[in-house]
Amino acid sequence: MDTFEAILTRRSIGRLVAPGPAGDDLDRILQAALAAPDHGELRPWKLVVLEGEAKDAFGAVLAEAYVERCESLGAAPTEGQLTKERTKLGRAPVVLVVAAVHRHSDKIPWEEQFAAAAAAAQNALIAATALGYGSMWRTGDAAFDSRVKEALGLGPHDAIVGFLYLGMPAEGSAKPPRQPNLADPEFDGVVERWERR
Ligand SMILES: Cc1cc2nc3c(=O)[nH]c(=O)nc-3n(C[C@H](O)[C@H](O)[C@H](O)COP(=O)(O)O)c2cc1C
């Protein structure tokens, strides 16, 4: 698949099934992420691959973090909510966590470091699409939870940019391309072409 086709056909697919990317395919997705533009070459990112039993272990972390979030609000989670947290990563065979890792720099602000990590996430999605996989970028409260970050080896100044769910689209879950039409009134004021003034 060529680059434009991958960019223009990528959609968020909520139900992904095996096979997920492995071997050379997974390596290419990781390489694509690491080829993202990165001001100052600070490498302000971390990629964590979760598959198989690692997804179960991480699901337990998500459930524990959820309990603590509920408790801090004076609430108690229901068994159903806990099961949902524990089994969330079952929505895809592979989940790639993309994190922005804060690097000390007098020149490159954190916003740019985060932007580089977000570009890495998008590169990974496009690479996965080009290789024929479905994908979905997810965040949610867990992405901002210090316990979840800690479990991934991240510090308080780092950030989870996204949980990228990767696999094959389940039957009936594929979506048509968006095909943005620049002439559509929806894009008035969104795309501007400045004339010489
Ligand atoms: C930073 C970020 C976080 C996202 N988090 C979620 C999420 O938690 N849950 C979700 O359903 N979709 C999430 N999405 C996916 C968007 O909802 C999706 O990209 C959007 O609806 C456009 O659909 P498309 O990806 O099919 O073009 C996220 C996307 C981005 C860029």
Side-chain angles (χ1 to χ4, degrees), residues 1-17 20-21 29 32-33 36-38 44-50 55 58-59 61-63 65-66 69-70 77 80-102 110-149 151-152 154 157-182 184 186-187 190-191:
M1 189 185 294
D2 88 356
T3 313
F4 269 97
E5 193 183 346
I7 292 170
L8 293 172
T9 59
R10 183 214 56 79
R11 294 296 314 270
S12 296
I13 307 295
R15 286 190 303 127
L16 298 160
V17 294
I29 291 168
D38 160 22
W45 43 46
K46 177 170 183 173
L47 307 174
V48 182
V49 178
L50 300 170
K55 283 195 304 167
F58 195 71
V61 171
L62 292 180
Y66 185 76
R69 286 204 300 281
C70 287
Q81 287 168 325
L82 282 181
T83 303
K84 189 175 165 199
E85 290 301 312
R86 214 176 281 123
T87 58
K88 248 180 192 171
L89 302 188
R91 293 179 293 196
V94 174
V95 178
L96 173 61
V97 189
V98 179
V101 177
H102 186 273
W110 166 239
E111 287 83 351
E112 292 196 7
Q113 298 182 34
F114 188 93
Q122 176 68 356
N123 270 10
L125 293 185
I126 298 305
T129 308
L131 291 167
Y133 297 98
S135 63
M136 181 144 180
W137 182 333
R138 294 181 187 269
T139 47
D141 292 342
F144 306 98
D145 190 305
S146 56
R147 298 165 206 82
V148 176
K149 291 202 295 182
L152 292 166
L154 302 170
H157 301 298
D158 306 328
I160 293 172
V161 172
F163 299 104
L164 308 187
Y165 286 63
L166 305 171
M168 300 307 290
E171 211 174 307
S173 67
K175 293 181 184 169
R178 287 198 174 281
Q179 292 177 321
N181 175 2
L182 296 182
D184 195 303
E186 178 191 349
F187 299 116
V190 174
V191 179

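Read the numbers this way: they start at 1 and go in the same order the structure lists the ligands and their atoms.
Within 6.0 Å of the NZ atom in Lys55, the count of heavy atoms belonging to other residues, nucleotides or ligands exceeds 12.
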Pairs of donor and acceptor atoms involving the side chains of residues 114-138, under 3.5 Å and at least two apart or interchain, shall be tabulated with distances.
{"unit_1": "Asn123", "atom_1": "ND2", "unit_2": "Ala32", "atom_2": "O", "d": "2.9"}
{"unit_1": "Thr129", "atom_1": "OG1", "unit_2": "Leu125", "atom_2": "O", "d": "2.7"}
{"unit_1": "Tyr133", "atom_1": "OH", "unit_2": "Asp25", "atom_2": "OD2", "d": "2.6"}
{"unit_1": "Trp137", "atom_1": "NE1", "unit_2": "Val161", "atom_2": "O", "d": "3.0"}

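Under the 3.5 Å distance criterion, the side-chain polar atoms of Lys46 are left unmatched by any main-chain donor or acceptor of Asp158. A donor-acceptor pair is defined here as one N or O able to donate and one able to accept, closer than 3.5 Å; such a pair exists between the side chain of Asp2 and the backbone of Glu5. For Arg10 (side chain) and Ile7 (main-chain N/O), no donor-acceptor pair under 3.5 Å exists by modelled atom type. Checked by atom type and distance alone, the side chain of Arg178 never pairs as donor or acceptor with a backbone atom of Arg11 at under 3.5 Å.
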Give every pair made of an N or O atom of ligand 1 and a protein N or O atom lying under 3.5 Å apart, one pair per line with both atom names and the distance to 0.1 Å, or write 'none'.
{"unit_1": "ligand 1", "atom_1": "5 (N)", "unit_2": "Thr139", "atom_2": "N", "d": "3.2"}
{"unit_1": "ligand 1", "atom_1": "5 (N)", "unit_2": "Thr139", "atom_2": "OG1", "d": "3.0"}
{"unit_1": "ligand 1", "atom_1": "8 (O)", "unit_2": "Thr139", "atom_2": "N", "d": "3.0"}
{"unit_1": "ligand 1", "atom_1": "14 (N)", "unit_2": "Trp137", "atom_2": "O", "d": "2.9"}
{"unit_1": "ligand 1", "atom_1": "19 (O)", "unit_2": "Ser12", "atom_2": "OG", "d": "3.3"}
{"unit_1": "ligand 1", "atom_1": "23 (O)", "unit_2": "Arg178", "atom_2": "NH2", "d": "2.9"}
{"unit_1": "ligand 1", "atom_1": "25 (O)", "unit_2": "Arg10", "atom_2": "NH1", "d": "2.9"}
{"unit_1": "ligand 1", "atom_1": "25 (O)", "unit_2": "Arg10", "atom_2": "NH2", "d": "3.2"}
{"unit_1": "ligand 1", "atom_1": "25 (O)", "unit_2": "Ser12", "atom_2": "N", "d": "3.4"}
{"unit_1": "ligand 1", "atom_1": "25 (O)", "unit_2": "Ser12", "atom_2": "OG", "d": "2.5"}
{"unit_1": "ligand 1", "atom_1": "26 (O)", "unit_2": "Arg11", "atom_2": "NE", "d": "2.7"}
{"unit_1": "ligand 1", "atom_1": "26 (O)", "unit_2": "Arg11", "atom_2": "NH2", "d": "3.4"}
{"unit_1": "ligand 1", "atom_1": "26 (O)", "unit_2": "Ser12", "atom_2": "N", "d": "2.8"}
{"unit_1": "ligand 1", "atom_1": "27 (O)", "unit_2": "Arg10", "atom_2": "NH2", "d": "3.2"}
{"unit_1": "ligand 1", "atom_1": "27 (O)", "unit_2": "Arg178", "atom_2": "NE", "d": "2.7"}
{"unit_1": "ligand 1", "atom_1": "27 (O)", "unit_2": "Arg178", "atom_2": "NH2", "d": "3.3"}

